[in-house]
Peer 1: 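Before I ask anything, let me first share the structure, which is written out below as structure tokens.
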Amino acid sequence: QKEVEQDPGPLSVPEGAIVSLNCTYSNSAFQYFMWYRQYSRKGPELLMYTYSSGNKEDGRFTAQVDKSSKYISLFIRDSQPSDSATYLCAMSANSGYSTLTFGKGTMLLVSP
Amino acid sequence: GAGVSQSPSNKVTEKGKDVELRCDPISGHTALYWYRQSLGQGLEFLIYFQGNSAPDKSGLPSDRFSAERTGGSVSTLTIQRTQQEDSAVYLCASSLSGDISGNTIYFGEGSWLTVV
């Protein structure tokens with residue numbers, strides 16, 4: 001079993017839909033959780049960062065962490081065609097960036 | 001520059017040749033990272049620099065891979081005797097420090113390496 005599992009998609013939704021992206025993990029020591037967005041032929045950019053459990057909201061984006069289920073989610077409200085990208089989850093047991101474990105990414109396609 | 005700069009952006013090389021990939025981090029960033037992203041795969045950590053030192057090089061896949069950083073700035077990733085399985089996007093990233101808390105990591109656009 002891989003440490004971090006993420007459905008590769010693609011996930012296709014119409015503009016305006018609510019999108020749910022998810023990752024599961026096996027290492028109960030993970031406590032730093034991140035979501036990155038990667039456009040085609042670009043580097044990933046940090047969207048959301050959460051420490052430990054709970055929810056975090058930033059504009060149209062909400063990140064949720066459920067450590068008891070080893071499950072994290074990213075919700076995108078009122079999705080836009082510009083949200084079409086690959087979304088990568090990443091997590092770490094300690095505070096060093098060099099220890100981040102990434103999921104393989106979910107490709108999201110938002111059609112106008 | 002404003003962001004992390006990588007060169008070359010694309011490189012096609014013959015199997016067995018050596019390649020050098022360059023990274024210019026954001027000015028003032030002491031931490032620098034190299035990752036590899038293969039088709040359909042997540043990011044694979046290669047090496048981490050703090051200043052000119054590499055406290056974590058655990059991700060380098062073989063002794064054909066090496067990296068250095070000079071002047072606390074530019075870094076070069078060298079792959080010797082390239083193999084077809086080395087074909088991937090090599091991403092460089094930098095951050096003010098190596099700590100995740102309150103500190104963002106910025107990625108370059110990557111060097112796309114194809115070994116034929």
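Proteins get letters first, then strands, A, B, ... in listed order; numbering begins at 1 in each.
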Peer 1: Under 4.5 Å between any side-chain heavy atoms of A/Asn22 and A/Gln6, yes or no?
Peer 2: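 When only atoms from C-beta onward are counted, A/Gln6 and A/Asn22 do not touch, as no gap falls below 4.5 Å.
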Peer 1: In terms of heavy-atom proximity below 4.5 Å to chain A, should B/Gln6 be classed as side chain, backbone, both, or neither?
Peer 2: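 No part of B/Gln6 comes within 4.5 Å of chain A.
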Peer 1: In terms of heavy-atom proximity below 4.5 Å to chain B, should A/Met107 be classed as side chain, backbone, both, or neither?
Peer 2: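 When you check distances to chain B, no heavy atom of A/Met107 falls under 4.5 Å.
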Peer 1: So which atom in B/Thr30 and which in B/Leu96 form the shortest heavy-atom distance, rounded to 0.1 Å?
Peer 2: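 Taking every non-hydrogen atom into account, OG1-O, 2.7 Å.
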Peer 1: Measure distances from B/Asp99 to the heavy atoms of chain A and classify the residue's part below 4.5 Å as side chain, backbone, both or neither.
Peer 2: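 Both parts, backbone and side chain.
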Peer 1: Tell me whether B/Asp24 is salt-bridged to B/Arg22, with the criterion being a basic N under 4.0 Å from an acidic carboxylate O.
Peer 2: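 The answer is yes: the pair qualifies as a salt bridge.
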Peer 1: By a 4.5 Å heavy-atom criterion (distance strictly below it), what part of A/Pro44 contacts chain B: side chain, backbone, both, or neither?
Peer 2: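 Contact with chain B: backbone and side chain both.
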Peer 1: Give me the contact list for residues 77-88 of chain B versus chain A, heavy atoms only, anything under 4.5 Å, ordered by residue number.
Peer 2: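 At a heavy-atom separation under 4.5 Å, chain A is reached by no residue of residues 77-88 of chain B.
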Peer 1: So, are A/Asp7 and A/Lys104 salt-bridged, with charged N and O less than 4.0 Å apart?
Peer 2: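 No.
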Peer 1: Can you say whether B/Tyr35 sits under 4.5 Å from chain A via the side chain, the backbone, both, or neither, judging by heavy atoms?
Peer 2: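 The answer is the side chain of B/Tyr35.
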Peer 1: If you group Ile, Leu, Val, Met, Phe, Trp and Tyr whenever their side-chain heavy atoms sit less than 4.5 Å apart, what else falls in with A/Tyr71?
Peer 2: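 Noted: A/Tyr71 shares its cluster with no other residue.
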Peer 1: Tell me, side chain or backbone of A/Gln38 under 4.5 Å from chain B's heavy atoms, or both, or neither?
Peer 2: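 It is the side chain, since no backbone atom gets that close.
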Peer 1: Looking only at heavy atoms, which of residues 109-116 of chain B get nearer than 4.5 Å to chain A?
Peer 2: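 Under the 4.5 Å heavy-atom cut-off, B/Glu109, B/Trp112 qualify.
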Peer 1: Apply the test side-chain contact (heavy atoms from CB on, under 4.5 Å) to residues A/Lys56 and A/Met48: give CA-CA distance (whole Å), side-chain angles for both, the deciding distance (0.1 Å), then the verdict.
Peer 2: CA-CA 8 Å; A/Lys56 187 171 184 179; A/Met48 300 287 283; 4.1 Å; yes
Peer 1: So A/Tyr32 and A/Tyr51, would you call those rings parallel, tilted or perpendicular, with 30° and 60° as cut-offs?
Peer 2: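 The arrangement is tilted - the two ring planes meet at 30° to 60°.
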Peer 1: Could you look at A/Thr101 and say if it's the side chain, the backbone, both or neither that has a heavy atom under 4.5 Å from chain B?
Peer 2: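 It is neither, since no heavy atom gets under 4.5 Å.
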Peer 1: Would you mind checking which part of B/Leu43 comes under 4.5 Å of any heavy atom in chain A, side chain (CB onward), backbone (N, CA, C, O), both or neither?
Peer 2: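 Both backbone and side chain.
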Peer 1: Taking 4.0 angstrom as the limit, do A/Glu5 and A/Lys70 come out as a salt bridge?
Peer 2: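 No salt bridge links A/Glu5 with A/Lys70.
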Peer 1: Might you work through the side-chain contact (heavy atoms from CB on, under 4.5 Å) test for A/Phe61 and A/Trp35, ending with a clear yes or no?
Peer 2: CA-CA 10 Å; A/Phe61 299 90; A/Trp35 285 95; over 6 Å; no
Peer 1: According to side chain to side chain contact (heavy atoms under 4.5 Å, CB included), who are the partners of B/Ser95, at least two apart in sequence or on a separate chain?
Peer 2: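 Applying side chain to side chain contact (heavy atoms under 4.5 Å, CB included) to B/Ser95 gives A/Tyr97, B/Ala31, B/Tyr33, B/Asn103, B/Ile105.
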Peer 1: Side chains of A/Tyr39 and A/Glu45, heavy atoms from C-beta outward: is any pair under 4.5 Å?
Peer 2: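 Result yes, sub-4.5 Å side-chain heavy-atom pair found.
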Peer 1: Drop me the distance from A/Tyr36's OH to A/Tyr49's OH, to the nearest 0.5 angstrom.
Peer 2: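 Atom-to-atom, A/Tyr36:OH and A/Tyr49:OH are 10.5 Å apart.
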